[in-house]
Structure formats: C-alpha cells, structure tokens
**Q** 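Below: one structure in structure tokens.
These values consider heavy atoms only, across backbone and side chains, with no hydrogens, waters or symmetry-generated copies. Chain letters run A, B, ... following the sequence lines, proteins first and then strands; every chain starts at 1.
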Amino acid sequence: MPILHVAPELAVVLGSVGTLLTVIVLPRRFQKLGSVVLLVALGVAAAFTVFLQRTVEATLTFSGVWALDELTAWSRATILASTAAVAAMSPRWFATDPRHGEWYAMLGFTAAGSLLLAGAADLSELVVAMLLTAAGGYTLASYHRASSAAAEAGAKLYFLGALTNPLLFMGVVLLYGLVGDTGYRALAALDAALLDPTVFAASVALVAVGLFYELGAVPAHPWVPDVAEGSPVPAAAFMTVAPKVAALAATARFFAALHGDAPDWRPAVAIVAALTMTLGNLAALWQDDLRRLLGWSSVSQAGYGLLAVVAVESGHWALPSLILFMVAYAAANLTAFAVVAAFRGRTSLIDYRGLGRGHPWLGASLSLALLSLIGIPPLAGFAAKLTLFGAAMSAGYTWLAVVAVVNTAISAFYYFRVLGALYLAPQPEHAPRLGGASIPVALLGAAVVIALGLGAQPIWWSVAGAVVLP
Amino acid sequence: MLTLIWLLPLVGALALATTSRWTDAVARAVATAIAAVPLLLLVVVWIDFDPKGAVFQSVTDIPWIPAVGAGYRVGVDGVALPVAAVSALLFTVCAAYPTEFRGRARAYLAWMLFLEGVSLGLFLALDLLLFYVFFDLSLVGMYFLIAIWGHEDRHRAAYKFILYTLVGSLVMLLGILSLALASDPMTFDMRTLIREQPLMGAGAPASWTLFAIGLGLVIKTPLAPLHTWLPAAHVEAPAPASTILAGVLLKMGTYGLLRLAYAPMQDTFRAHAFILGALAVFSIVYGALVALGQSHIKRRIAYTSITHMGYTVLGLVVATSAEHASRAARETALVGATLEMVAHGLITGALFLVAGSLWRRTRTFEMDEHGGVSTRAPRLTSFAVAFAFASLGLPGFAGFIAEFQIFAGALAAHPWLAGLALVGVVITAALFLQWLQRVFFGEPPPRIASMSDLGRVELVALTVLLIATVLIGVAPAFVIDVIMSSARLYAGAS
C-alpha cells in the first residue's frame with residue numbers, strides 16, 4: 001500500500017501534532033515531556049525507515065512525486081537521528097523557559113519538512129517541502145525571543161528565505177511552462193534540445209538558488225554563521241544539520257533528473273562548490289567565536305558535499321560519497337554543538353582555553369568532531385572526503401578535487417586553533433556544565449564519528465550500485 | 001604478528017591516557033616496556049625473514065572496501081624491515097629518556113606510544129590508504145608532542161609543522177587516488193599496483209600523479225626548498241620528540257618515495273629522477289652550508305638532517321636509474337640509501353638526545369653560552385664526540401657504510417651530482433668539528449660550572465644507540481642481506 005511508503009513522514013507529522021496537543025494541556029513544569037512524545041514519534045519513524053529500506057525496492061511512488069531509494073533512506077535516518085539528538089538535549093537548555101513545549105512541535109514540523117525535501121521527486125512537492133522547512137526554521141532560530149542575537153539570526157534566515165523562496169517558485173513555474181509537467185520523471189525524459197536554452201538555464205539556476213538557501217551554499221549562505229552564533233544552541237545544531245542534509249539530497253536529486261548533457265550544469269555547480277568551500281574556510285580562519293567558526297565551517301562543508309552532486313551521474317563513487325558525507329558531517333557537527341551546549345553555549349574561543357584538560361571527555365568529543373571535519377583518518381570525515389575526492393576525480397573534475405584539498409588544508413588552520421585552545425593552556429580549566437542529555441549526546445556523537453570511520457564498508461556496500469531516482 | 005606490532009603501542013597509549021593511578025616513574029617504566037615489545041616482535045619477524053624468499057613476507061590481507069580495492073594489508077620487505085626495526089628501537093629509547101613532563105607525564109608517554117604505533121603501522125602497510133591513514137595520524141601525534149611539551153615558541157612551530165605537512169599529505173592523497181583510479185579493477189594494494197604499473201605510458205596524467213605523491217613526500221623528507229617547517233619544529237620540540245622526528249618521521253618521506261612514488265610508477269619516476277637527484281644534491285650542499293652558519297645547537301643538527309636526507313634521496317635516485325648505472329651500482333646505491341635511513345635515525349637521533357641532555361643542564365641551546373663541557377661532563381662529551389664523528393662519516397660507524405655506498409653508486413650513475421654532493425661531506429665535517437670545539441672544549445663559562453654528568457638512564461640509552469651504530473658500521477652484512485632481497489624490486493631487473 002503506497003501510504004506505507006511515507007510512513008516515516010506521517011509518523012513525524014502526527015507525532016508533532018501530538019506533541020503540540022500534549023503540551024497545550026500539560027502544566028508548565030511538565031512541558032519537557034513534549035520531548036518524550038516527539039522522541040517516541042521519531043523512534044516510530046526510524047523503525048518504518050528501516051522496515052521500508054529492507055522491504056521495498058527503489059521506486060517512485062505516489063504517482064511519481066515521491067522517491068523511495070537509498071538516498072531517501074539514508075537522509076531519513078540522518079535527519080531522524082539528528083532531530084532525536086536535538087530533542088534529547090533540549091529540555092535542560094530550555095529549562096528556564098516555562099512554556100517551551102511548542103519548541104518540540106516546531107522541531108518536529110521542521111524535521112518533517114526536511115524529510116519531505118529529501119524525498120521530493122516533483123517540483124511542486126519541492127516547493128511545499130521548502131516552505132515547511134523554512135517556516136519552521138525561522139521559529140527555531142529565533143526561539144529565544146528576548147535575545148537580540150537570536151532575533152538577528154532569525155531575521156537573517158527569514159529575509160534570505162523571503163528572497164530565495166520566490167526565486168525557487170519562479171524557477172519551478174518556468175520549468176513547468178517549458179516541460180508541461182512538474183515531475184522529475186518528465187524532467188528526466190525531456191529532450192533538452194527542443195527547449196529554449198536560455199529560459200531553461202535560467203529556470204534551473206533559479207531552482208538551484210532556492211536549494212542552495214537551505215543547503216547554506218553560496219550565494220544564499222549568510223544565515224548559517226548567524227544562526228550558529230546567535231540561535232539557541234539546540235536550534236543551531238538542528239539548523240546546521242537536518243535541513244542542510246535534506247537540501248543536499250534534494251540538490252543531488254534535482255540535478256540527477258536533469259542529466260548532464262544539455263545544457264551541462266556541472267561546471268556551474270562545480271564553481272558554486274569551489275566558491276562555497278573557499279568562502280566558508282576563509283571566513284572561518286580568524287573567528288574568535290567558536291559558534292560562528294562552526295557556522296562558517298558548516299558553509300565550507302556544504303561546498304564539499306556539492307562535489308558529490310557534480311559527480312552524481314558518473315561512476316559508482318558518487319552516491320556512496322554523498323551518503324558517507326551526509327552521515328559523517330551530521331555526526332561531527334552535532335557532536336561539536338552538543339559540546340557547546342554542554343558548556344552552556346559559551347561562544348568565545350578564549351573561554352574554551354584549558355577546557356580540554358579540565359573536562360577530558362567533552363574535550364575529546366569536540367576534538368574528534370573537529371578532526372573528523374578536517375578529514376583526519378580513520379574518522380568518519382576521512383571516509384567522506386576520500387570518496388568525495390574520488391568521485392570528483394572519476395567524474396573528470398580533478399581541478400575541483402584540488403580546490404577541495406587546498407581548502408581542507410586551509411581548514412586545518414582554524415580547526416587546530418580550537419584544538420590549541422582546548423589543550424595548550426598551561427592549566428586545566430573547569431566550566432559549569434549543562435546537565436541533562438547534552439553530555440551523553442556529545443559522547444555518543446563522538447563514538448559514532450569513530451564507528452562510521454572504521455565501519456564505512458557496510459555503508460558503502462549497502463548503497464553500492466544504487467542509483468539516485470528518478 | 002605485524003598487526004600486533006602497531007596495535008600494541010596504541011592499546012598501551014590508551015591505557016596510559018585513561019589510567020590515573022601510576023606515578024610518573026611507574027608510567028615511564030610501563031611505557032618503555034610497552035615500547036620495547038614491538039622491537040622484540042620485529043626481531044622475531046627479522047629471524048623469520050627469508051632473504052631469498054618473496055619480496056613481501058609476513059603478509060596479512062583482509063578486504064575492507066572491496067568495491068574500490070581498499071583493504072587492510074600489511075607485510076615487510078627488505079627496506080621496510082630495517083627501517084621499522086630502527087624506529088622501534090628509537091621509540092624504546094625515547095620513551096625511557098628523561099625529559100620535562102610539565103606535570104603531564106602520562107599524556108606525554110601516551111602520545112609517544114601512539115606515535116610509535118602509527119609510525120610502525122606506516123612502515124608495515126601494503127595498502128596505499130592504510131599508509132595514508134598512518135601518515136596523517138603521525139602528524140597529529142607529533143603536533144601534540146611539540147605543542148604541549150616543546151620550548152618557548154612551541155605553539156607556532158607545532159602549527160607550522162601540522163599545516164605544512166598536512167598540505168603535503170593532502171596533495172599526496174590526490175596522487176594516491178589518481179593512481180588507484182588508473183588501476184583496473186581498482187585497487188589500493190601496493191603489490192598489485194607494483195606488478196601492474198597502471199600509469200605506464202600514460203603521459204601527462206602519470207607525471208601529475210607522480211608530482212602529487214612526490215610533493216607530499218618531499219615535504220616530509222624534507223628536501224630544500226620545502227624544508228622550512230623542519231628547523232622550527234626541531235628547535236621547539238622536546239629532545240626525544242626531535243629524535244623521533246628526525247629518526248622516524250623523516251624516514252616516512254624517503255621510504256614513501258621508494259614505495260609509493262618509485263615502485264608503482266617506475267617509468268615515470270625514472271623519467272623525472274634527475275630533477276629529484278638535483279634537488280637532493282642542492283639539499284646536501286644547502287643544508288650543510290646553512291648548518292655551518294647556525295649558533296643554535298639544535299638548529300645546527302636539524303640542518304644536517306636535511307643534508308643526510310639528501311644523501312638518502314640521491315641514493316634512491318641512483319638505485320632507480322636503470323639507463324645510467326649498472327645493476328651492481330644500483331644495488332649498491334639502494335643498500336646505501338636504506339642504510340642511510342637507519343644510520344641517520346640512530347646517529348642524528350642520538351645527537352638530539354645529547355642536545356636535550358645539554359639543555360636540561362644548561363637551559364640554553366646557544367653554542368656561545370657553552371664551552372668546556374668536557375671538564376664537567378666527560379661521559380656526555382664522549383657520546384657527543386662519538387656521534388658527531390659518526391655523523392660526519394667516520395669509518396667504523398653506520399653512517400660511513402651508508403654514505404660510501406651511496407657515493408660509490410652515484411659516481412657510476414651521475415658523476416657530476418656525486419662530485420657536488422661530496423662538497424657537503426666536507427662542510428659537514430667542518431661544522432661538527434667546530435660544534436665539538438665550541439661546546440665541549442675550551443674555557444668553561446660559569447653557567448656550566450655546576451653541571452652534572454649523564455644519569456643512569458641517559459647513559460644506557462645512548463650506549464644502546466652507540467652499540468647499534470657501531471654494530472652496523474663494523475658488521476653490516478646482516479642488514480645488507482635483508483635489503484638485497486628487495487633489490488630486484490627497487491633496483492630494477494634490467
């Protein structure tokens with residue numbers, strides 16, 4: 001029955017509604033129970049995800065608007081796990097906010113939007129998914145209503161969204177006009193030679209800009225560092241992971257539907273990838289604020305992810321590299337933000353001096369996350385970078401791999417600045433910590449970073465030979 | 001067996017890092033004991049090694065990502081075995097050698113053992129990816145040793161070290177990928193790549209691949225003008241870390257040139273070997289001249305490292321240049337180059353330990369603030385004299401055998417380069433004699449009046465290194481036999 005094919009999404013939507021209804025009737029001191037309801041829904045969704053991945057062949061379902069393939073399965077798993085991690089560390093973070101129950105509902109709706117984004121195989125569904133993700137994101141980013149930093153982050157996110165979402169709609173409308181259909185299957189079957197090349201290129205570019213907004217890639221990236229710095233730390237952790245992972249999957253799927261031949265979009269995406277990673281890295285170089293640094297690092301990571309998009313049609317490296325990158329990036333970034341949350345959101349790099357020595361487990365977690373983001377073996381990030389470089393090279397984009405390598409070297413500079421702050425202080429320092437789940441989440445995340453690096457093989461195997469639908 | 005050799009120190013490192021019960025002295029004893037186990041295991045492997053048998057022996061091969069031909073593959077050949085053995089010896093000595101712990105003894109020893117594990121893993125790896133993994137991890141280990149336990153300007157030096165060598169290693173990764181992508185079916189197995197020579201006759205792509213792999217390794221070696229990270233790292237590192245840096249980490253560069261750059265791309269390597277040879281000779285002369293101008297003891301030794309690595313690379317170039325040299329000359333050069341890796345590790349490693357011992361007593365590395373040390377510390381002086389002479393190539397020590405064979409081979413293949421390189425030998429002799437004279441002889445300034453002589457541990461450690469140096473210097477046959485078993489691979493068949 002096709003309705004089962006979207007069971008994870010349904011579970012999250014219904015769970016979010018359930019969360020909202022629950023927290024409306026709960027007294028203030030029990031608002032945190034909203035996280036429990038949401039976590040149950042996420043668990044159900046995860047179980048459906050595994051079940052579908054095991055039992056259903058890759059297919060386009062719901063009259064072709066929904067792609068059920070390896071990419072969807074892994075995006076679902078990543079988004080659900082990230083959302084669960086954020087939901088788990090939220091109760092203590094929002095403990096002083098007496099009516100924060102709605103937070104969990106908004107988190108769930110935004111996660112549902114991300115899930116839709118990752119699986120959408122139809123332009124109009126893409127629009128719906130983008131709107132849901134963006135609208136939820138504004139709320140999450142500015143959830144601390146009294147904080148001007150959070151308000152600024154939310155405003156930036158909103159204005160950029162208000163600019164790029166209409167561009168996306170315009171692109172979708174133009175494409176519909178050209179093709180006469182909104183489905184990716186029709187797009188893939190298209191003979192591009194019959195179309196007006198200028199209008200076609202323009203419409204593709206407009207859709208791409210809309211996708212790059214949620215991905216945090218140039219030119220729609222400026223919200224990322226602000227959200228990372230100013231939003232509540234759980235929101236920063238969520239927004240720099242779940243929607244970005246979803247948008248990366250959506251970008252890969254959209255471009256896979258276009259085919260590379262006419263017009264060849266790959267050079268343009270390659271240039272965007274190069275600009276994104278370079279800009280992110282250069283901006284992160286001299287940041288004295290750890291959260292802003294992580295934000296810019298997240299921009300640069302989006303650039304690496306686009307390497308897999310460039311290669312999406314060529315060779316057996318592309319899909320494994322895309323999936324390895326998604327899971328590795330999500331694990332490392334969540335771990336880093338969980339450590340920040342555990343240290344009660346302190347931002348200035350100077351305030352982290354000596355904390356690695358005073359809190360060896362949290363310090364080790366943050367270090368592992370950063371080393372993984374650099375791509376130091378045998379951590380998850382290494383498997384991701386290795387396969388990304390391999391994908392780019394086997395697609396004939398060696399120059400892009402070279403740019404990525406140069407950027408990786410540059411990025412080591414600022415990641416090691418953080419490591420230096422953690423460990424090179426003369427005395428161990430101690431800091432007050434946030435109780436609750438943030439410390440276990442950080443430790444678990446670090447363990448996942450190691451496990452994904454050592455166990456890249458099963459992931460590779462499970463997706464080797466699969467294709468990106470349509 | 002080989003797996004145990006690199007895994008054991010890593011487990012030991014973890015144990016040291018997580019336990020908190022041991023005192024510093026106990027921790028050091030434990031660390032030294034753990035560090036010594038790989039050495040014993042390598043001796044066993046050495047005894048098992050059949051010089052007339054297969055090129056690669058004691059091989060373990062477990063698939064990891066078969067789809068791209070990546071696997072866990074370890075094994076030894078006649079070059080890897082001596083280099084790994086001397087590394088294990090150096091790590092044992094360095095774990096025991098006294099140094100400033102800055103109140104973090106267990107962390108220091110844990111990083112030392114970590115570094116031992118990944119270094120030995122690198123020399124034993126038969127898979128390009130595995131090699132790269134260990135190569136990168138060695139950078140991380142050395143970064144922390146320099147950054148936490150180094151001297152005044154340690155943060156900057158550690159930073160420079162990690163960034164510089166990380167750039168090299170990342171460029172090398174591109175080269176590795178390009179090499180593996182050229183093989184069909186794709187594999188990272190060094191043995192297959194060596195057998196199949198996937199880039200033979202590929203023209204420009206082959207040259208670029210060699211350039212990428214070579215660049216990373218030349219930075220690591222280092223050859224001038226890509227050496228600028230080395231003096232800073234050596235000067236700021238604690239003495240045992242300097243020893244490891246010189247004796248083990250630099251070898252990764254030259255060893256890699258042989259195993260990663262030459263072996264799987266023999267044609268391409270030969271076509272460009274002369275450039276590498278010229279760089280080597282430039283490094284020999286440049287390193288020696290700059291060393292002569294240094295008044296900082298460690299910086300002076302550091303620059304002689306560049307000279308010695310130049311000899312090694314020159315030997316490699318000769319060993320691989322089939323069109324210029326007879327088979328005998330090439331084999332001689334290969335033996336010389338491998339022996340030079342071993343000898344330089346022992347001798348320069350020991351010199352850095354001597355420098356460290358001096359610093360612990362005088363708190364300065366400036367030559368001008370020393371003088372007449374022989375009157376206060378005769379035993380320290382004896383070791384300094386012995387190793388200085390060994391380093392400048394006195395017969396009877398390992399360095400002589402190595403350099404003699406390199407020059408013998410080079411004269412046959414590239415007489416011009418050999419002639420120029422001889423200049424380096426002369427300058428090296430001058431700079432060590434001047435160093436001995438200014439630091440150890442003459443009038444002692446007040447600073448060293450109360451200086452003590454070597455302690456028990458230092459004495460034993462340096463004696464062990466001296467015995468090894470002399471043993472190879474007088475009776476090198478047992479090493480040469482092993483190295484020759486790899487001659488048919490590295491010194492070519494024709």
Side-chain angles (χ1 to χ4, degrees), chain A residues 315-317 320-321 324 356-357 360-361 364 367 371 374-379 382-383 385-395 398-399 401-402 404-413 415-417 419-421 423-428 453-461 463-465, chain B residues 17-18 20 62-68 70-72 102-104 107 118 129-137 139-140 143-144 146-150 154-156 158-178 180-182 186 188 205 208-209 212 216:
Chain A
H316 57 294
W317 286 78
S321 72
L324 282 173
R357 300 184 56 189
W361 289 102
S367 309
L371 290 174
I374 301 178
I376 299 285
L379 304 173
F382 171 68
K385 282 241 169 95
L386 175 78
T387 47
L388 284 173
F389 294 166
M393 287 171 77
S394 56
T398 305
W399 70 265
V402 172
V405 157
V406 171
N407 267 291
T408 303
I410 297 175
S411 75
F413 182 79
Y415 290 123
F416 268 94
R417 276 183 70 213
L419 291 182
Y423 290 104
L424 302 188
Q427 290 303 320
L454 297 176
Q457 184 206 358
I459 298 182
W460 180 288
W461 266 126
V463 299
Chain B
T18 48
S20 57
I62 302 167
W64 181 51
I65 307 183
V68 293
Y72 171 75
R102 296 176 199 270
R104 300 164 78 175
V118 298
L129 276 185
L130 195 63
F131 181 95
Y132 180 81
V133 167
F134 287 128
F135 193 89
D136 252 17
L137 286 177
L139 304 184
V140 178
Y143 167 83
F144 280 105
I146 298 177
I148 300 179
W149 291 277
R154 56 183 179 271
H155 294 179
R156 246 174 65 90
Y159 221 50
K160 197 169 173 182
F161 165 78
I162 189 96
L163 291 184
Y164 217 129
T165 46
L166 194 65
V167 170
S169 83
L170 285 165
V171 174
M172 186 171 85
L173 179 62
L174 281 188
I176 288 176
L177 274 172
S178 162
L181 284 170
M186 182 166 175
F188 288 93
W208 280 109
T209 304

**Q** Is it the backbone or the side chain of A:Ala425 that comes under 4.5 Å from a heavy atom of chain B, or both, or neither?
**A** backbone
**Q** Counting heavy-atom pairs closer than 4.5 Å to chain B, which one of A:Phe389, A:Phe416, A:Phe382, A:Trp460 comes out on top?
**A** A:Phe416
**Q** Let me know if B:Leu174 has heavy atoms under 4.5 Å from chain A in its side chain, its backbone, both or neither.
**A** both
**Q** Which bit of B:Met172 comes within less than 4.5 Å of chain A, counting heavy atoms only: side chain, backbone, both or neither?
**A** neither
**Q** What part of A:Leu379 is in contact with chain B, defined as an atom under 4.5 angstrom from a non-hydrogen atom: side chain, backbone, both or neither?
**A** neither
**Q** If every non-hydrogen atom of A:Gly390 is compared with every non-hydrogen atom of B:Leu177, which pair is closest and at what distance?
**A** N-CD1, 3.7 Å
**Q** Testing the basics here: between A:Trp317 and A:Leu386, what is the closest heavy-atom pair and its distance to 0.1 Å?
**A** CZ3-O, 4.1 Å
**Q** Give the minimum heavy-atom separation between B:Phe161 and B:Leu139, together with the two atoms involved.
**A** CE2-O, 3.6 Å
**Q** So which part of B:Arg102 gets closer than 4.5 Å to some heavy atom of chain A, the side chain, the backbone, both or neither?
**A** neither
**Q** Of all heavy-atom pairs between B:His155 and B:Ala147, which one has the smallest distance, and what is that distance?
**A** CD2-O, 3.5 Å
**Q** Side chain, backbone, both or neither: which part of B:Phe135 has a heavy atom under 4.5 Å from chain A?
**A** neither
**Q** Given heavy-atom pairs under 4.5 angstrom as the criterion, report whether the side chain, backbone, both or neither of A:Val406 touches chain B.
**A** neither
**Q** Is there a side-chain contact between B:Leu129 and B:Tyr72, using heavy atoms and a 4.5 Å cut-off?
**A** no
**Q** At a 4.5 Å cut-off on heavy atoms, which part of B:Phe134 comes close to chain A: side chain, backbone, both, or neither?
**A** neither
**Q** What's the spacing between B:Trp149 CH2 and B:Phe144 CZ if we round to 0.5 Å?
**A** 9.0 Å
**Q** Measure distances from B:Leu166 to the heavy atoms of chain A and classify the residue's part below 4.5 Å as side chain, backbone, both or neither.
**A** side chain
**Q** Give, for atom CD1 of B:Ile162 and atom CG of B:Asp136, the distance between the pair rounded to the nearest 0.5 Å.
**A** 8.0 Å
**Q** Just how far is it from atom OH of A:Tyr415 to atom CG of A:Leu371, taken to the nearest 0.5 Å?
**A** 10.5 Å
**Q** At a 4.5 Å cut-off on heavy atoms, which part of A:Arg417 comes close to chain B: side chain, backbone, both, or neither?
**A** both
**Q** With a 4.5 angstrom heavy-atom cut-off, is it the side chain or the backbone of B:Ser169 that approaches chain A, or both, or neither?
**A** neither
**Q** Give the minimum heavy-atom separation between B:Leu170 and A:Ala409, together with the two atoms involved.
**A** CD1-N, 3.6 Å
**Q** Name the region of A:Tyr423, side chain, backbone, both or neither, that has any atom closer than 4.5 Å to a heavy atom of chain B.
**A** both
